[in-house]
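Encoded as C-alpha cells, the structure appears first; notes follow it.
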Amino acid sequence: MVEQRAPCSNAAQQPRCDHEPVTEESLIVSTERLGWPPPRHGWRRILDVLPWESQTRMVYEINSAEPTATCHLQPSPECEALCGFPWENLIEIPDGRTWRALDDWLRCDLCEDACADRALQRYRRAAATVYDGEEPVGRLGVRLVVWWEELGPFWRRRRENVGELPEWGLLRTTPEHPALPYEFEDGVIQDEQVAQELRAWAADTFPLRGTTLRLQWLNGDEVDSVHRELGWME
C-alpha cells in the first residue's frame with residue numbers, strides 16, 4: 001500500500017444552508033424521538049413482535065426528555081440535518097445536551113462525518129501564531145491535501161480511499177524552546193484523528209508531544225506570508 005498526497009484546490013464548497021456552522025457546539029442537536037411509548041395491552045401487544053417499529057408522534061410520556069432514537073445535527077431549526085434528514089421529523093433535545101454527551105448508538109454517523117467535513121473547510125488555507133503561555137514561539141500553516149491508497153499489482157495500480165486531510169507545518173521563531181526541539185516540522189492528520197484535532201483547533205489550541213500550545217489565527221496577507229515561508233506558494 002502506498003499513500004500519496006497532493007495540494008487541494010482553493011475552490012470553495014457550497015454549503016447546504018444559508019449559514020454554515022463549523023463545530024458541533026454551534027449546531028442544534030436534535031432527535032427523531034423523545035421518550036418511550038407506553039406499553040401496549042391486550043391484542044395490541046401483537047404489534048411488539050412485528051419486525052418494524054411504528055411511531056405516531058415525536059414525544060412520548062415515559063422519559064420524555066430523553067432521546068430514544070437516532071440524533072442528528074442541524075444548522076438551524078428549519079434546516080434539514082447535515083445528513084439530509086428532514087427537519088419536520090426532528091425535535092431539539094430540551095436539556096441542551098452536547099453531541100459528545102450522547103451515547104455512540106444515538107449519534108448519526110452521516111451527520112458526524114458531514115460536521116467534520118464542514119469544519120475542515122475552515123482550514124483549507126489557514127495560518128496562526130503559536131504561543132506557549134504568553135510567549136510567541138512559532139508560526140503554523142495549515143492546508144488541505146488529497147490522500148489516497150494505491151492498491152493492486154504494479155502493472156495495474158488503482159487509487160482508493162481518496163479524501164482530503166489537513167496538513168500542518170510549524171516554524172519555530174525562537175532560538176530554542178523545550179516544546180519545539182526542531183526549527184521546522186510538519187505532519188498530516190490521519191482520518192481517525194481529524195475530528196479530535198479540529199476540536200482542538202476550534203478551541204485555539206495545538207497539542208504537540210504532550211504540550212498544549214495556544215493559537216492566534218491570522219488573516220489576509222499574514223496567511224500568505226506563513227504559507228510562503230513554508231514553500232506552499234509559488
Look at R97 together with E66 and state whether they make a salt bridge at an N to O cut-off of under 4.0 Å. yes
Take a 6.0 Å sphere around CD of E61 and say whether it holds more than 12 heavy atoms from other residues, nucleotides or ligands. yes
Would a single hydrophobic cluster contain both L165 and L198, if residues Ile, Leu, Val, Met, Phe, Trp and Tyr are joined by side-chain heavy-atom contacts under 4.5 Å? yes
Are a donor atom and an acceptor atom from the side chains of W217 and D204 found within less than 3.5 Å of each other? yes
Any side-chain heavy-atom pair from M58 and E88 closer than 4.5 angstrom? no
Just verifying a value: how many Å separate D104 CG and L102 CG, rounded to the nearest 0.5 Å? 9.5 Å
State whether R139 and E222 are salt-bridged, where the test is any N-O pair (Lys NZ or Arg NE/NH1/NH2 against Asp/Glu carboxylate O) under 4.0 Å. no
Side chains of R124 and Q121 only: does a donor on one sit below 3.5 Å from an acceptor on the other? yes
Compare every heavy atom of L27 with every heavy atom of C115, then report the nearest pair and how far apart it is. SG-CD1, 3.7 Å
Say you draw a straight line from CG of L144 to CD1 of I189; how long is it, rounded to the nearest 0.5 Å? 11.5 Å
Which atoms form the tightest heavy-atom contact between G141 and L230, and what is the distance? CA-CD1, 3.6 Å
What I'd like to find out is whether the side chain of V226 reaches to under 4.5 Å of the side chain of R228, using heavy atoms alone. no
So, T205 side chain and A200 main chain: donor-acceptor pair closer than 3.5 Å or not? yes
Quick one: are C83 and D109 in side-chain contact, heavy atoms under 4.5 Å? no
Ignoring hydrogens and angles, tell me if any N or O in the side chain of R143 forms a donor-acceptor pair with the backbone of E167 under 3.5 Å. no
Minimal non-hydrogen separation, V194 against P166, with atom names: CG2-CD, 4.0 Å
I'd like to know whether W168 forms a side chain to side chain contact (heavy atoms under 4.5 Å, CB included) with E197, so could you lay out the CA-CA distance, the side-chain angles of the two residues, the decisive distance to 0.1 Å, and finally the verdict. CA-CA 11 Å; W168 59 270; E197 194 73 21; 5.9 Å; no
Given the rule in the side chain to side chain contact (heavy atoms under 4.5 Å, CB included) test, do L170 and F184 qualify, once you have shown the distances and angles that lead to the verdict? CA-CA 6 Å; L170 180 56; F184 168 76; 6.0 Å; no
Other members of the hydrophobic cluster containing F85, with the 4.5 Å side-chain heavy-atom rule, please. L90
Less than 3.5 Å apart, any donor N or O on the side chain of T70 or R107 sitting next to an acceptor on the other? no
For P136 and T129, which heavy atoms make the closest approach, and how far apart are they? CB-CG2, 4.3 Å
Could you please spell out the steps behind the side chain to side chain contact (heavy atoms under 4.5 Å, CB included) verdict for L140 and L215? CA-CA 8 Å; L140 176 75; L215 299 178; 3.9 Å; yes
Single-linkage hydrophobic cluster W87~L73, side-chain heavy atoms < 4.5 angstrom: no
Distance-minimising heavy-atom pair for A128 and L218: CA-CG, 3.9 Å
Just say parallel, tilted or perpendicular for the rings of W201 and F206, cut-offs at 30° and 60°. parallel
Indicate whether any N or O donor in one side chain lies under 3.5 Å from an N or O acceptor in the other, for Q74 and S30. yes
For the OG1 atom of T31 and the CZ atom of R33, what is their distance to the nearest 0.5 Å? 7.5 Å
Tracing side-chain contacts under 4.5 Å among Ile, Leu, Val, Met, Phe, Trp and Tyr outward from L110 reaches none
Please report the interatomic distance CG(L180) to CG(L213), rounded to the nearest 0.5 Å. 6.0 Å
Can you confirm whether R156 is buried at CZ, in the sense that more than 12 heavy atoms of other residues, nucleotides or ligands lie under 6.0 Å from that atom? no
For the side chain of T68 and the backbone of W36, is there at least one donor-acceptor N/O pair under 3.5 Å apart? no
Rounded to the nearest 0.5 Å, how far apart are CG of L34 and SG of C71? 8.0 Å
V142 and L208: same hydrophobic cluster, using ILVMFWY side-chain contacts below 4.5 Å? yes
Can a side-chain donor-acceptor contact be found between E80 and H72 if the only test is distance below 3.5 angstrom? no
Where do R214 and V130 land on the side chain to side chain contact (heavy atoms under 4.5 Å, CB included) test, with the steps shown first? CA-CA 6 Å; R214 182 170 62 87; V130 182; over 6 Å; no
Is the count of non-hydrogen atoms from other residues, nucleotides or ligands lying under 6.0 Å from D221 atom CG greater than 12? no
Quick one: pull up CG in L82 and CZ in R118 and give me the separation to the nearest 0.5 Å. 5.0 Å
